[in-house]
Amino acid sequence: MTEPRHNGTDGDPTPSGYQPPSYIPPQGSDIPGPPQYTHYGRQGQEYGQQYYPQYGQQYAGPYGQPYYGMPAEPKTLSIASLCCGIAVFVGFGFIVLPQVAAVILGHMAVRREPSGRGLAIAGLVMGYIGLALTVLAIIGLALLFSVAASSSYTNA
């Protein structure tokens, strides 16, 4: 059996002339060093600097496309039209108010809110169907009452 040979001093098993790896390249090298991280891992920013772009600057969107950070357009009329259209079929359709509100709000939303077009059209469709069913119900009740009033039953 052979004993391990020690090349260093004080029983150190590392060979003489060995240097541990260094992350900083020697001076005069054209290999760049590692990035210098400061506060919270942000590269090259000092305390007190703004971390967000100033007003008017672009944000980097997906795939390198610019993203301007525009707020979403409100869809309040479209949502109101849809809610009134749903209310027609939930049970409030015996009054004509939800049908008319769904139709009016739906038409206003189609003109003013292009981003909520689908909601507005859904509210319009439900409002018009509710109006048609209400008109048919009124005609049916009127016919029923007229037939009942004109027919006479006699007991013999």
Is Leu143 reachable from Leu141 through a run of hydrophobic residues whose side-chain heavy atoms are each under 4.5 Å from the next?
-> no
Within-4.5 Å side-chain heavy-atom neighbours: Ile129 and Gln99 | no
Could you give the distance from CG (Leu124) to SG (Cys84), rounded to the nearest 0.5 Å?
-> 11.5 Å
So do Phe89 and Leu133 actually touch side chain to side chain, heavy atoms under 4.5 Å?
-> yes
Gap separating the CZ atom of Arg112 from the CG atom of Leu77, nearest 0.5 angstrom | 6.0 Å
Of all heavy-atom pairs between Gly130 and Val88, which one has the smallest distance, and what is that distance?
-> CA-CG1, 3.6 Å
Quick one: which residue pairs count as a side chain to side chain donor-acceptor pair (under 3.5 Å) with a foot in residues 74-98, not counting sequence neighbours?
-> Ser78-Glu113
Dump the intermediate steps for side-chain contact (heavy atoms from CB on, under 4.5 Å) on Leu131 and Val96, then the final yes or no.
-> CA-CA 7 Å; Leu131 275 175; Val96 183; 4.1 Å; yes
Taking all non-hydrogen atoms of both residues into account, name the closest pair between Gly127 and Val103 and its distance.
-> C-CG2, 3.8 Å
For residues Val110 and Ala120, report the shortest heavy-atom separation together with the two atoms involved.
-> CG2-CB, 3.8 Å
Partner set under side chain to side chain contact (heavy atoms under 4.5 Å, CB included) for Val135, not counting sequence neighbours | Ile139
